[in-house]
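These notes are about the structure you will find just below.
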Amino acid sequence: MLVEDTNVTLKLKSTSLLFGLLSDTHINILAREGMITPFEEVFRRYDDKGRRVISYGLSSTGYDVRLANKIAFFKPNIEIDMVDPKDFPTHLMMEQQSEDFFVVQPHSFVLGYSFERFSMPTDVMGLCEGKSTYVRTGIHIPVTPLEPGWCGHLTIEIYNASPYPTKIYPYEGIIQVLFFRTQDTPMTNYAARHGKYQNQGAEITYPRM
């Protein structure tokens with residue numbers, strides 16, 4: 001009796017002319033080829049000590065990404081007329097690091113970044129959205145694209161729409177990424193056009209020109 005080699009079968013499926021939303025099968029293959037580092041193949045709801053966490057890891061049609069251990073926010077009690085994305089006032093930002101949790105103040109905005117690093121294939125695009133556990137507490141994260149050919153740690157924009165201070169947790173799930181394979185390879189990609197946010201490091205990246 002011939003036993004089918006699962007790895008070979010998955011590889012054949014991955015390289016076939018499939019396009020659209022990718023399942024966990026294809027995300028798994030691409031992640032192991034370097035698309036997501038570090039990669040959690042198991043969807044995790046508990047940490048190593050058995051405590052409940054906001055879930056992260058591979059799901060049926062996406063990947064839940066962890067928040068890293070640093071955020072940035074505008075310094076309090078600073079008078080400024082406006083913020084210009086073409087000349088961003090980085091000197092007005094304060095960074096905070098924690099291994100436990102952060103507090104996002106009511107109606108305020110913070111920046112974080114992903115624990116995972118991405119290296120997007122030239123025919124795959126990712127779309128990020130906030131996890132529903134956070135959204136139900138008033139934490140909103142705008143939809144963010146991961147363009148074909150982009151590499152780096154994702155900067156995450158986090159807004160607390162609620163009237164109450166709200167906790168967010170490092171090393172736990174913060175966003176879900178859905179991956180889509182294009183019908184054909186785009187004529188250009190983020191790396192080829194030298195995108196300004198290419199190769200973002202494990203840090204918060206402010207607006208660039």
Does the [X] side chain pair with the main chain of [Y], one donor and one acceptor, at a distance under 3.5 Å?
X: Thr166; Y: Tyr164; value: yes
X: Thr144; Y: Pro142; value: yes
X: His153; Y: Ser114; value: yes

- Apply salt bridge (charged side-chain N to carboxylate O under 4.0 Å, His left out) to Asp123 and list each qualifying residue two or more places apart in sequence or on a separate chain.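 Salt bridge (charged side-chain N to carboxylate O under 4.0 Å, His left out) check on Asp123 returns Arg181.
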- Message: Taking salt bridge (charged side-chain N to carboxylate O under 4.0 Å, His left out) as the definition, give me every residue that meets it alongside Arg193, ordered by chain and number, with sequence neighbours left out.
- Response: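 Counting only residues at least two positions away or on another chain, Arg193 forms a salt bridge (charged side-chain N to carboxylate O under 4.0 Å, His left out) with Glu147.
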- Note on the structure: Residues passing the side chain to side chain donor-acceptor pair (under 3.5 Å) test with Arg208, sequence neighbours excluded, are none
Can you list everything that forms a side-chain contact (heavy atoms from CB on, under 4.5 Å) with [X]? Sequence neighbours excluded, please.
X: Phe101; result: Val103, Lys167, Tyr169
X: Val53; result: Asp47, Tyr56, Glu172
X: Pro89; result: Ile80, Val83, His91, Leu92
X: Glu203; result: none

So if you build clusters from Ile, Leu, Val, Met, Phe, Trp, Tyr with side-chain heavy-atom gaps below 4.5 Å, do [X] and [Y] land together?
X: Tyr206; Y: Met209; result: no
X: Ile141; Y: Phe102; result: yes
X: Trp150; Y: Leu30; result: yes
X: Phe115; Y: Leu67; result: no
X: Ile54; Y: Tyr113; result: no

- Message: Within the supplied structure, the quantity of interest is the number of heavy atoms (other residues, nucleotides, ligands) at a distance under 6.0 Å from Arg52 CZ; does it exceed 12?
- Response: yes
- More than 12 foreign heavy atoms under 6.0 Å from CG of Asp48: is that the case here?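 No, because the 6.0 Å sphere around CG of Asp48 holds 12 heavy atoms or fewer from other groups.
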Using the ring pair (Phe, Tyr, Trp, His ring centres under 6.0 Å) criterion, which residues pair with [X]? Sequence neighbours excluded.
X: Tyr159; value: none
X: Phe43; value: none
X: Tyr197; value: none

Are side-chain heavy atoms of [X] and [Y] found at a separation under 4.5 Å?
X: Lys86; Y: Pro207; value: no
X: Phe73; Y: Gln105; value: no
X: Leu154; Y: Val65; value: no
X: Leu111; Y: Lys70; value: no
X: Asp184; Y: Phe19; value: no
X: Tyr190; Y: Leu146; value: no
X: Pro106; Y: Ser162; value: no
X: Pro148; Y: Met120; value: no

What's the shortest heavy-atom distance between [X] and [Y], and which atoms?
X: Asn69; Y: Pro170; answer: CA-CB, 3.8 Å
X: Ser119; Y: Gly34; answer: CB-O, 3.4 Å
X: His107; Y: Ala161; answer: CE1-O, 3.3 Å
X: Glu95; Y: Ala72; answer: CG-CB, 3.9 Å
X: Pro121; Y: Met35; answer: CD-SD, 3.6 Å
X: Pro76; Y: Met94; answer: CD-CE, 4.5 Å

- Can you pull the ring-ring contact (aromatic ring centres under 6.0 Å, His included) pairs that have at least one residue in residues 116-149, sequence neighbours excluded? none
- Message: Could you check whether Arg51 makes a cation-pi contact with Tyr46, meaning its NZ or CZ is under 6.0 Å from the centre of the six-membered ring and within 45° of the ring axis?
- Response: no
Could you grab the distance from atom [atom1] of [X] to atom [atom2] of [Y], nearest 0.5 Å is fine?
X: Thr137; Y: Asn160; atom1: OG1; atom2: CG; result: 7.0 Å
X: Asp24; Y: Glu41; atom1: CG; atom2: CD; result: 9.0 Å
X: Ile156; Y: Ile174; atom1: CD1; atom2: CD1; result: 6.0 Å
X: Asp64; Y: Ser59; atom1: CG; atom2: OG; result: 5.0 Å
X: Ile175; Y: Glu116; atom1: CD1; atom2: CD; result: 8.5 Å
X: Thr61; Y: Leu22; atom1: OG1; atom2: CG; result: 10.0 Å

- Full working for side chain to side chain contact (heavy atoms under 4.5 Å, CB included) between Ser132 and Gln176: CA-CA 9 Å; Ser132 62; Gln176 182 185 44; over 6 Å; no
- Residues clustered with Leu127, ILVMFWY side-chain links under 4.5 angstrom: Leu21, Met125, Val143, Leu178, Phe180
- Item | Side chains of Tyr63 and Glu40, donor plus acceptor under 3.5 Å |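 No, because no side-chain N or O of Tyr63 sits under 3.5 Å from a partner of the opposite role on Glu40.
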